[in-house]
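Since the structure comes first, as structure tokens, the remarks are kept for the end.
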Amino acid sequence: MSPLPSGLLGDLDPTSDRAVFRQIADQLREAIDRGRFREGEKLPSEAELVDHFGVSRMTVRNAFSILQGEGLVHAEHGKGVFVRPRPPVRRLASDRFARRHREQGKSAFIVEADAAGSHPQVDSLEVKEEKPSQDISARLGSVRRVLARRRRYLLDGRPVEFATSYLPLDIARGTPIAEPNPGPGGIYARLEELGHRLDHFEEEIRARMPSPAEVKTLRLAPGVPVIHLIRTAYDTEGRPVEVCDTVMAADAYVLSYHLPAN
């Protein structure tokens, strides 16, 4: 077996109190950070690392597990371990709901997909009337029934988020919003056509580890967290007209904000 290229990885420090598998993980992490291994590139195989460091396969596997847990790499069965690509989508909060996009017939997701140069898709669509949870009801002004729109978003065939929009029935029932395809510009364009001109949005964001169902739905690799975002849309009369509960793969997005200084 040919040795690894000179300077790609260093040597272990036998005098260190740090566990050997952690030292190997440290060296691989540094090599990724310095660009020695680029996005999508395969890392040295277990056999190559065993030969380079003079350790057991289990030690190398433990090092890989650390990097997987940090979301830096992912393993493909039978192929090897690869550097995880950086988030492809920049979610620009100050622009994504701009009215000009709706007037052009584009939803926020399509705008972001276009900016990333990716092909957007929506599947797992479900539209139905239901009783909301206590939290959703309170956010919408204590409504008893809502129209719920559930869907999963994909970029270039990869699931990146799933979301549920909740709208008061007195607004949504019998309108295009209740149709599987609400039309150009999405439900926000339809809300404004119905006289609910949007004034502002409020978002609550937190990061957490995914549930087993979320791992399956978003096809998440081990160690990848999710971004859980709840957004409420208000019209110019101050009425909450939609609550959107979204779970996003954290390795697919960069959240970008423009914050005024005054």
Side-chain angles (χ1 to χ4, degrees), residues 28-29 32-33 35 37-43 64-77 79-98 101 106-126 149-165 185-188 201-233 242-259:
L28 289 169
R29 186 188 304 105
I32 292 171
D33 289 341
F37 298 112
R38 299 182 179 180
E39 296 178 27
E41 188 174 344
K42 183 180 176 181
L43 294 183
F64 279 152
S65 292
I66 289 178
L67 300 180
Q68 283 184 277
E70 295 173 355
L72 286 177
V73 303
H74 69 280
E76 296 185 15
H77 183 68
K79 295 183 178 180
V81 178
F82 297 82
V83 179
R84 183 175 296 283
R86 303 297 184 190
V89 181
R90 181 169 292 275
R91 187 180 183 277
L92 186 59
S94 61
D95 180 74
R96 68 190 311 263
F97 296 125
H101 298 317
K106 293 183 177 182
S107 66
F109 183 67
I110 291 177
V111 171
E112 292 167 346
D114 288 349
S118 299
H119 174 64
Q121 294 174 276
V122 178
D123 70 3
S124 305
L125 180 66
E126 178 187 51
R149 296 182 56 90
R150 294 181 173 87
R151 65 276 191 198
R152 183 175 68 165
Y153 294 99
L154 303 90
L155 289 176
D156 299 325
R158 176 199 171 187
V160 293
E161 68 176 86
F162 64 88
T164 304
S165 287
I187 61 175
Y188 290 155
F201 303 88
E202 295 180 358
E203 293 187 340
E204 299 175 8
I205 303 172
R206 64 189 178 105
R208 58 174 173 78
M209 296 309 295
S211 68
E214 291 166 345
V215 170
K216 182 177 180 180
T217 299
L218 294 175
R219 303 179 198 163
L220 298 172
V224 176
V226 293
I227 300 167
H228 188 183
L229 183 151
I230 299 179
R231 179 179 64 254
T232 305
E242 183 238 18
V243 172
C244 188
D245 189 333
T246 303
V247 176
M248 300 180 284
D251 63 341
Y253 285 92
V254 172
L255 305 185
S256 181
Y257 292 86
H258 172 78
L259 302 175

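Position 1 is the first residue of the sequence, and the numbers go up from there.
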Glu41 vs Ile32, side chain to side chain contact (heavy atoms under 4.5 Å, CB included): CA-CA, chis, key distance, verdict: CA-CA 10 Å; Glu41 188 174 344; Ile32 292 171; over 6 Å; no
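- In this structure, Leu28 CG and Leu67 CG are separated by 5.5 Å, a value rounded to the nearest 0.5 Å.
- Tested against Asp123 for a salt bridge (charged side-chain N to carboxylate O under 4.0 Å, His left out), the candidates Arg151, Arg152, Arg150 yield a single pass: Arg152.
- What you find for Cys244 and Ala163 is that their closest heavy atoms are SG-CB, 4.0 Å.
- Looking only at distances, no side-chain donor or acceptor of Lys216 sits under 3.5 Å from a matching main-chain atom of Ser211.
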Chi angles and distances behind the side chain to side chain donor-acceptor pair (under 3.5 Å) call for His74, Glu76: CA-CA 7 Å; His74 69 280; Glu76 296 185 15; 3.2 Å; yes
Pair Ile66-Arg29, side chain to side chain contact (heavy atoms under 4.5 Å, CB included): steps then yes or no: CA-CA 10 Å; Ile66 289 178; Arg29 186 188 304 105; 3.9 Å; yes
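- The shortest side-chain heavy-atom distance between Asp245 and Phe162 does not fall under the 4.5 Å cut-off.
- In this structure, the separation between CD on Glu161 and OH on Tyr253 is 3.5 Å, given to the nearest 0.5 Å.
- Side-chain contact between Leu154 and Val122: absent, with no pair of heavy atoms (C-beta onward) separated by less than 4.5 Å.
- The CZ atom of Arg231 sits 12.5 Å away from the CD atom of Glu204 when rounded to the nearest 0.5 Å.
- Using a 4.5 Å heavy-atom threshold, the side chains of Lys79 and His77 count as separate.
- Taking CD1 from Ile230 and CD1 from Ile205, the interatomic distance works out to 10.5 Å, rounded to the nearest 0.5 Å.
- Residues Val224 and Met209 have side chains not in contact (no heavy-atom distance under 4.5 Å, counting atoms from C-beta outward).
- Side-chain contact between Asp251 and Arg84 is present, with at least one heavy-atom pair separated by less than 4.5 Å.
- No side-chain heavy atom of Ser118 sits under 4.5 Å from any side-chain heavy atom of Arg158.
- We find the OH-OG1 distance between Tyr153 and Thr246 to be 7.0 Å, quoted to the nearest 0.5 Å.
- Residues Ser165 and Glu242 have side chains that bring a donor and an acceptor to within less than 3.5 angstrom of each other.
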Evaluation steps, side chain to side chain contact (heavy atoms under 4.5 Å, CB included), between Val247 and Arg208: CA-CA 10 Å; Val247 176; Arg208 58 174 173 78; 3.9 Å; yes
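- The two atoms that bring Pro120 and Phe109 nearest to each other are CB-CE2, 3.5 Å, heavy atoms only.
- Residues Glu126 and Thr164 fail the side-chain proximity criterion, which asks for heavy atoms closer than 4.5 Å.
- When side chains are defined from C-beta on, Val73 does not count as touching Phe37, because their heavy atoms never get closer than 4.5 Å.
- With values rounded to the nearest 0.5 angstrom, Thr232 atom OG1 is found 10.5 Å from Phe201 atom CZ.
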